[in-house]
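Reading through the structure tokens given below for one structure.
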There are 2 protein chains.
Amino acid sequence: MKRNTWQREAVRQALGTSEGFVSAQALYSALRDTGSPIGLATVYRALSDLAVEGEADSLQQEGESLYRACTPHTHHHHLICRNCGLTVEIEADAVESWAASVAAQHGFTQPSHVVDVFGLCAACSRG
Amino acid sequence: MKRNTWQREAVRQALGTSEGFVSAQALYSALRDTGSPIGLATVYRALSDLAVEGEADSLQQEGESLYRACTPHTHHHHLICRNCGLTVEIEADAVESWAASVAAQHGFTQPSHVVDVFGLCAACSRG
DNA sequence: ATCGTTCTTGATAACGAAACTCATTACGGT
DNA sequence: ACCGTAATGAGTTTCGTTATCAAGAACGAT
């Protein structure tokens, strides 16, 4: 059975108010800074659960997992600023079908894919 | 100045004879199994260098870096078997231009991207 | 070939992210 | 309110990777 605890809700909220992707440890620090007595392991567990349930996106960068709140249960990709972490959700229907067909061409089944675009956002480009 | 040592060459060769992506530690074990007295730190450094120079691709999976030899200095992507690690290099001109245009549409400059397709290869699909 | 400089190596320590442990807490159905 | 059980969290452990630094090796000059 899945239970609703204030800790999970705190993680959900903290994630929702964060700009761009954040690490589990950063989110943990942010929560502790607000006075929350939440534990680090709980933040890891909550983020992992949210990612599995589709309420958060995760990506691996430099050996750590980063998370970001997203529209639940929709498949999409991200355009991420290398400098400030600004993230834009993008749709990529063309890429979806391309990935599926490439996999099929080589006899691969159960295809999934990782597609992320990095760059410098308009603001950081000016800086 | 960059120097040529037998250790770097050993890593290059070991990477070249490996199928699919391998971890630094796996490559280190393979080298030690052949009797080479190479050090772990050296394998990490050599792989990192090869990746920077474009002689190897790297990707992050489950918190560890995996490497694979590839045609030098060409940009391409991979179709990777989740089960056995078999890797196929794929070209994706359509994706290249798509990534560039999406970035431009949102005011992003200096775009780069991560595109990898995972699945089960024909052999593993039968299993 | 020898020297001297400077880069590379490698055993080990240090580091950080994440998983695990398990006694305690507290959610939710009754 | 009670109880079974999932969730919590402080501490510990694991694991991949990087830093340290003395000893060794490669390259250019002689």
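The shown structure was predicted, so the numbers you read here are calculated from the model rather than taken from an experiment. Quick note on labels: first sequence line is chain A, next is B, and so on, each numbered from 1.
- Scanning both residues, B:Leu120 and B:Cys81, for their nearest heavy atoms gives CA-SG, 4.1 Å.
- Here OH of A:Tyr67 is found 11.5 Å from CG of A:Asp57. Values are rounded to the nearest 0.5 Å.
- Here the CZ-CG distance, from A:Arg45 to A:Leu50, works out to 13.5 Å after rounding to the nearest 0.5 Å.
- Residue-level contact check: B:Gln25 touches the bases, meaning some heavy atom is under 4.0 Å from a base atom.
- Taking the ring centroids of A:His77 and A:His113, they lie under the 6.0 Å cut-off.
- Along DNA chain D, the nucleotide nearest B:Tyr44 and the nucleotide nearest A:Tyr28 are compared for position; the residue whose nucleotide lies closer to the 5' end is A:Tyr28.
- Inspection of the A:Gln60 and A:Ser65 side chains reveals an N or O donor paired with an N or O acceptor under 3.5 Å.
- Using a 4.0 Å heavy-atom cutoff across all strands shown, A:Ser23 reaches no nucleic acid atom at all.
- Looking only at distances, no side-chain donor or acceptor of A:Ser48 sits under 3.5 Å from a matching main-chain atom of A:Tyr44.
- Within a heavy-atom distance below 4.0 Å of DNA chain C, the residues of residues 31-41 of chain B found are B:Pro37, B:Ile38, B:Gly39, B:Ala41.
- Looking only at distances, a side-chain donor or acceptor of B:Ser125 sits under 3.5 Å from a matching main-chain atom of B:Cys121.
- Protein chain B contacts DNA chain C from C:dT6 to C:dA11, reading 5' to 3' and using non-hydrogen atoms of the protein with a distance under 4.0 Å.
- In this structure, B:Glu91 places its CD atom where only 12 or fewer heavy-atom neighbours from other residues, nucleotides or ligands lie under 6.0 Å away.
- Scanning DNA chain D 5' to 3' for nucleotides with an atom closer than 4.0 angstrom to a non-hydrogen atom of chain B gives a first and last hit of D:dG16 to D:dC27.
- Judged by distance alone, the side chain of B:Arg32 and the main-chain N or O of B:Ile38 form a donor-acceptor pair under 3.5 Å.
- Checking B:Ala24 against B:Asn4, the closest nucleotide of DNA chain D that is more toward the 5' end is the one next to B:Ala24.
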Take A:Thr87 and A:Leu79 through the test side chain to side chain contact (heavy atoms under 4.5 Å, CB included) and record every step on the way to the result.
CA-CA 6 Å; A:Thr87 305; A:Leu79 175 57; over 6 Å; no
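- As judged by a 4.0 angstrom heavy-atom cut-off over every strand, A:Arg45 is placed among the base-contacting residues.
- Ring pair A:His78/A:Phe21 is perpendicular by interplanar angle, where above 60° counts as perpendicular and below 30° as parallel.
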